[in-house]
Amino acid sequence: MYTMLDDKRQANFINNYLNTHQDCTMKDIIQDCVVTRSRLKYLEAQGYFTLPEPTPRSMRNKQYYANKAIQSVTA
């Protein structure tokens, strides 16, 4: 079980990450901050920070195909 001090420490770490990585996604936060999605949602519900909005599907697909085209050219 987490204490209030644990919540504040983890929230400060995530806030610092969000401030330095403005265009991060949920996946980036989960991987780089080593936290679960449910823990992120809990900390957000407690009011420690606000998570970025999800990236629209059309934009995600555009990024995916652009990255795929770059990889096929370099291979």
Side-chain angles (χ1 to χ4, degrees):
M1 204 61 171
Y2 294 104
T3 64
M4 193 174 219
L5 184 59
D6 294 330
D7 290 347
K8 288 180 182 178
R9 285 181 182 162
Q10 193 165 29
N12 284 337
F13 182 78
I14 294 169
N15 272 329
N16 290 336
Y17 181 80
L18 290 172
N19 289 334
T20 57
H21 299 84
Q22 298 294 326
D23 59 344
C24 63
T25 61
M26 287 288 285
K27 180 182 175 185
D28 297 333
I29 297 169
I30 291 169
Q31 288 179 345
D32 295 341
C33 295
V34 189
V35 64
T36 62
R37 186 178 300 269
S38 59
R39 178 80 172 137
L40 278 175
K41 293 293 185 178
Y42 171 77
L43 291 173
E44 183 183 30
Q46 294 298 316
Y48 289 111
F49 52 81
T50 55
L51 293 172
E53 292 295 319
T55 307
R57 183 173 298 237
S58 61
M59 186 179 282
R60 286 191 311 243
N61 288 343
K62 183 186 255 185
Q63 291 170 350
Y64 170 77
Y65 288 117
N67 289 339
K68 189 173 180 182
I70 292 170
Q71 290 173 359
S72 65
V73 169
T74 59

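The structure displayed is predicted, hence computed values, not measured ones.
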Are [X] and [Y] grouped together when hydrophobic residues (ILVMFWY) are joined by side-chain heavy atoms under 4.5 angstrom apart?
{"X": "I14", "Y": "Y2", "answer": "no"}
{"X": "I30", "Y": "L51", "answer": "yes"}
{"X": "M4", "Y": "F13", "answer": "no"}

So does [Y] get a backbone contact from the side chain of [X], meaning a donor-acceptor N/O pair under 3.5 Å?
{"X": "D6", "Y": "T3", "answer": "yes"}
{"X": "E44", "Y": "F49", "answer": "no"}
{"X": "D28", "Y": "T25", "answer": "yes"}

Quiz item: Does a side-chain heavy-atom distance below 4.5 Å link C33 with L40?
Solution: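 Counting from C-beta outward, C33 and L40 never come under 4.5 Å.
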
Quiz item: Does a side-chain N-to-carboxylate-O contact under 4.0 Å join D7 and R39?
Solution: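 Answer for the salt bridge query: yes.
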
Quiz item: Within a radius of less than 6.0 Å around CD of E53, do more than 12 heavy atoms belonging to other residues, nucleotides or ligands occur?
Solution: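 Counting neighbours around CD of E53, 12 or fewer heavy atoms of other residues, nucleotides or ligands fall under 6.0 Å, so no.
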
Quiz item: In terms of side-chain heavy atoms, does N15 have a donor or acceptor partner in Y48 at a distance below 3.5 Å?
Solution: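 N15 vs Y48: no donor-acceptor pair found between side chains.
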
Quiz prompt | Over all atoms of both residues, closest heavy-atom pair of C24 and P52 | solution =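 Heavy-atom minimum between the residues: O-CG, 3.9 Å.
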
Quiz item: Out of curiosity, D32 CG to Y17 OH, how far, rounded to the nearest 0.5 Å?
Solution: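 Answer for the CG-OH pair, D32 versus Y17, is 3.5 Å.
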
